[in-house]
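Read the structure below first, then the notes.
Every value quoted in this text rests on a predicted model; they were computed, and no experiment measured them. Just so you know, residue 1 is the first one in the sequence shown, and it goes up from there.
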Amino acid sequence: MPIGNGRIGAMVYGGVDTETIDLSEESVWSGEPHDYAHTGSVRHLPELRRLIFAGEYEQAARFGEAHSLGHPRSQAAYQSLGTLTLRFPDHTEIRDYSRELRMDDAIATVHYRMGDAVFTRQTIASYPHQVVAIELSCSENRRITCEITLDSLHQKSRVVPDKGGISLVGTSDAIQFQAIVNVRTEGGMVRVSDGTLQIREADSAVVFLAAATNFVGYADLSGDPATRCRAVLSKVEPLDFQSILQTHTKDFRRLYQRVSIDLGGTTEEDLPTDELIRQVSAGNRSALLEEKLFNFGRYLTISGARPGTQPLNLVGVWAVDGLEAPWGGKWTLNINAELNTWPVETTNLAECHEPLLALLDDLKETGTRVAREHYGCRGFVAHHNTDLWRGAAPVDTPFHGLWAMGSAWLCRHIVEHYDFSRDVGFLASAYPTLREAALFYEDFLTEGPDGFLVSCPAISWEQSFLLPDGEEGRLTYGPTMDNEILHDFFSNCLRAAATLNTDEADQRRWRSILRRLRPIEIDPETGRLMEWAYPAEKAHASGQMTPLWAVAPGNQISPQDTPGLAHAAVNYLKHHIPQIPEWESAGSWVSGTILNYWARLCEETNAYATLVKAMREKLHPNLMMHFYPEEYFQIDGNMGATAGIAEMLLQSHRTTKDGHPILDVLPALPGEWPTGSVRGLRARGAFEVDIFWTDGKLEWIDLTSLTGTSFLATYKGQTFDGDIVRPKSLRITQEDFIKNSATGARPE
């Protein structure tokens, strides 16, 4: 069961005689402060571009491998901290065992009976107190006896006594880390022997764990982990567990209870989650599991990303599968890091977006030298991966790394964060980042063979193409996905500048660039969206649906505004989805993106089928979504599920011609959800929205404006054109949609 406070992640396994808790701390990484830029790489850019434009793809790949990657060619990895183990002697013949994770207050609990005594363990990771706290209690006095140990997979680590507790001290390359455990008991005795913390015959006990490193920032390792740990523990020392628990619960519920969903799952509430998963895997439907999956993405967000912490990486904050997380647990910027935040704004967790925006601020610094040394450009750039040291250079291989769209995609999150709040002060503070990124792309774009401005070198999200003559390649120029990202980026720059009434000369340049980008095209032979600047097919089947970026997270393609392109997008999905290898057909970014594509395309049947496939095939019993035959988890699958369910119920990515938000209500409601409700969703334009429906038809929406604005709401082709003044709320029924569509009449 995963718990976390944004900085510390703990995986609680719920054993009886042995309780194992895997520990992670967000800044335990390999490596050291490092500039990944390849000095002088820019000298080779003209030749690399010549090879690509000439269609000499193999030569371009070899040339890029030799001259265009960063130093070193691979980035650092997110690593586990260690393991906290509690051993309870003779706890073997037990009955009435249960364990649970309560998502509304983030408490992992284990209950069991041994004889007449009832034992309970409650474990929390408190954000206000920055500790992991475990309460051990029993219905009978003097029954709490256990041994507590710490250990780590890091070779340079050791456990030492620490003022009545124990301490794990170690290093991982440049990172110094420490975890301190101490205990408070009612009755009984506590002692330390041979690195083991021993509790004997206590009535109850509370175990506290604090963890910290020397990490201050990507270029600053001046922190003292011991001082940090002791400062945390000194603040909880005078507090009893109940007061810590109450503060923790209040803090967590403040975020979690903003949104609630009802898809009809109340009849299944007595069934445990593992049984629900088994039933769904057997072909049955579980509304309760669908509700839990939606809520679990929000739970992981609150537990894994808070203001002042690192953003959610590939495994969130839970590096529990060996020393290093799968794929290095990095922030992969060609989908995964962004996908992890797709539900943040829509499900009313805007403050949990801040860590990703802070990462972008760091990349603005490290990416400046990369822009200069690799491309001879002003501004800053980021590529497909970054790590704790904020590497911004192309890494790994040319086929993955030579993709310069990471900074443009991340900049979309600035405008998204603004759009859901309409906080002009935030937009003004973040606007310089947009402008610096724009300087890079102004310089980087070059004229392609067909006269359009194109990205080069480029990759279509790691995909290989096959030309009609049978030649295969991957490095390219101006693929559709790049053009969509760039169109979105410069459009957002224009909107931000206009909102702030600034930089008219820049606005003129950005409009000129937009006019010179290749538009999204449909292959006349297949009726599908084109993926490259020339007729080509995927060389290998994959779940990466690259030209669908303009459907989600972008907004250039929609059934309402661009029906022809939307139809071509549907054709693309229907052609490629059956070809995805079975081992890659669901989980992680595959179902995470495809679900959102279908939702945005208002294809409710396909959206629901995608959700069900992920639930049937890719859920661990703790609801974390696994991926690949190895079945390790990547949390982007969970985040995509939460975001996709929200998009099926409410969308707000479209605008009217005069720029007012359009709220599309129940745009992809499947028949499997005939009656239900959702409360507290957020919409662009700074709205909070509650929606109620019965027998597949809208009853009403309650709309609350946080700032006051005009808007257009739609439901099944009917529209409601209104405006609302802060903090007024407005209820709009289905009858109001009908009346307003016909007469323009609005409710009182």
Electrostatic pair Glu699-Arg731, nearest N-O below 4.0 angstrom: no
CA sep, side-chain torsions, deciding dist, call: Glu617, Lys613, salt bridge (charged side-chain N to carboxylate O under 4.0 Å, His left out): CA-CA 6 Å; Glu617 300 178 5; Lys613 182 177 176 62; 2.9 Å; yes
Heavy-atom donor-acceptor pair, Arg654 side chain to Asn555 backbone, under 3.5 Å: no
Residues Glu603, Tyr597; criterion side chain to side chain donor-acceptor pair (under 3.5 Å); working and verdict: CA-CA 9 Å; Glu603 293 272 345; Tyr597 299 151; over 6 Å; no
Considering all heavy atoms, the nearest Leu730-Phe720 contact: CD2-CE2, 4.1 Å
Geometric class of the Trp549/Trp409 ring pair [parallel <30°, tilted 30-60°, perpendicular >60°]: perpendicular
Full working for salt bridge (charged side-chain N to carboxylate O under 4.0 Å, His left out) between Asp105 and Arg253: CA-CA 6 Å; Asp105 50 18; Arg253 286 179 173 173; 3.3 Å; yes
Expected output: side-chain Ser677 to main-chain Ile691 donor-acceptor under 3.5 Å: no
Side-chain donor-acceptor contact under 3.5 Å, Glu338 with His413: no
Closest contact, heavy atoms only, Asn336 versus Asn334: OD1-OD1, 4.0 Å
Exam field: side chain Ser652 to backbone Ala683, donor-acceptor pair closer than 3.5 Å: no
pair Leu486-Phe490: side-chain heavy atoms closer than 4.5 Å: yes
Non-hydrogen side-chain atoms of Trp598 and Ile577 separated by less than 4.5 Å: yes
Which atom of Ala586 lies closest to which atom of Ala614, heavy atoms considered: CB-CA, 4.2 Å
Heavy-atom side-chain proximity of His575 to Asn571 below 4.5 angstrom: no
Backbone N/O of Ile107 and side chain of Glu100: donor-acceptor pair under 3.5 Å: no
N-O pairing of Lys657 and Asp561 below 4.0 Å: no
Phe252 ring center near Tyr127 ring center (under 6.0 Å): no
Derivation of the side chain to side chain donor-acceptor pair (under 3.5 Å) call for His653 and Arg684: CA-CA 7 Å; His653 55 285; Arg684 294 166 184 84; 5.0 Å; no
Side-chain heavy-atom pair Leu434, Ile414 within 4.5 angstrom cut-off: yes
Distance-only donor-acceptor check, side chains Ser126 and Asn5, under 3.5 Å: no
Polar side chain donor-acceptor pair, Thr480 to Glu531, under 3.5 angstrom: no
Asn622 vs Phe633, side chain to side chain contact (heavy atoms under 4.5 Å, CB included): CA-CA, chis, key distance, verdict: CA-CA 11 Å; Asn622 68 355; Phe633 68 84; over 6 Å; no
Residue pair Met615 / Leu293, side-chain heavy-atom distance below 4.5 Å: yes
cation_pi(Arg412, Phe489) dist<6.0 Å, angle<=45: no
Any donor-acceptor N/O pair, Arg600 side chain to Gln651 backbone, under 3.5 Å: no
Exam field: side chain Thr249 to backbone Gln246, donor-acceptor pair closer than 3.5 Å: no
Inter-residue atom distance Thr433.OG1 - Leu360.CG, 0.5 Å rounding: 5.5 Å
Donor-acceptor contact present, side-chain Asn638 to main-chain Met625, <3.5 Å: yes
Salt bridge flag under 4.0 Å for residues Arg679 and Glu688: no
Whether Asp423 side chain and Phe426 backbone form a donor-acceptor pair below 3.5 Å: yes
Distance, nearest 0.5 Å, that separates CG of Leu650 from CG of Asp690: 10.5 Å
Ser491 and Leu514: CA distance, side-chain angles, deciding distance, side chain to side chain contact (heavy atoms under 4.5 Å, CB included) verdict: CA-CA 8 Å; Ser491 297; Leu514 282 170; 3.9 Å; yes
Side chain to side chain contact (heavy atoms under 4.5 Å, CB included) between Ile520 and His487, intermediate numbers included: CA-CA 10 Å; Ile520 303 170; His487 184 281; over 6 Å; no
salt_bridge(Glu354, Arg306) N-O dist < 4.0 Å: no
Nearest atoms (heavy-atom pairs only) where Pro311 meets Leu359: CG-CD1, 3.7 Å
CG on Leu529 to CE on Met481, rounded to 0.5 Å: 13.5 Å
Validation row, ring centre Trp673 to ring centre Trp693 under 6.0 Å: no
Non-hydrogen side-chain atoms of Tyr715 and Leu666 separated by less than 4.5 Å: yes
Trace of the side chain to side chain donor-acceptor pair (under 3.5 Å) decision for Asp736 with Thr733: CA-CA 5 Å; Asp736 294 326; Thr733 66; 3.1 Å; yes
Straight-line distance of Met530 CE to Arg518 CZ, nearest 0.5 Å: 7.5 Å
Residue pair Phe692 / Leu698, side-chain heavy-atom distance below 4.5 Å: no
Presence of salt bridge, Arg258 and Glu351, under 4.0 angstrom: yes
Nearest-0.5 Å distance, NE2 of residue His248 to CD1 of residue Ile124: 5.0 Å
Any side-chain heavy-atom pair of Leu712 and Leu663 under 4.5 Å: no
Asp488 side-chain N/O to Glu484 backbone N/O, donor-acceptor pair under 3.5 Å: no
Criterion side chain to side chain contact (heavy atoms under 4.5 Å, CB included) on Asp104 and Asn295, from CA distance to verdict: CA-CA 9 Å; Asp104 63 341; Asn295 288 327; over 6 Å; no
His567 atom NE2, neighbour heavy-atom count above 12 within 6.0 Å: no
Euclidean distance, Ile738 CD1 relative to Lys716 NZ, rounded to 0.5 Å: 10.5 Å
For Arg682, the option from Asn348, Asp419, Thr347, Thr346 that meets side-chain hydrogen bond (donor to acceptor under 3.5 Å, both in side chains): Asn348
His417 backbone acceptor or donor facing Ser421 side chain under 3.5 Å: yes
Stepwise side chain to side chain donor-acceptor pair (under 3.5 Å) test for Thr655 and His660: CA-CA 5 Å; Thr655 62; His660 295 307; over 6 Å; no
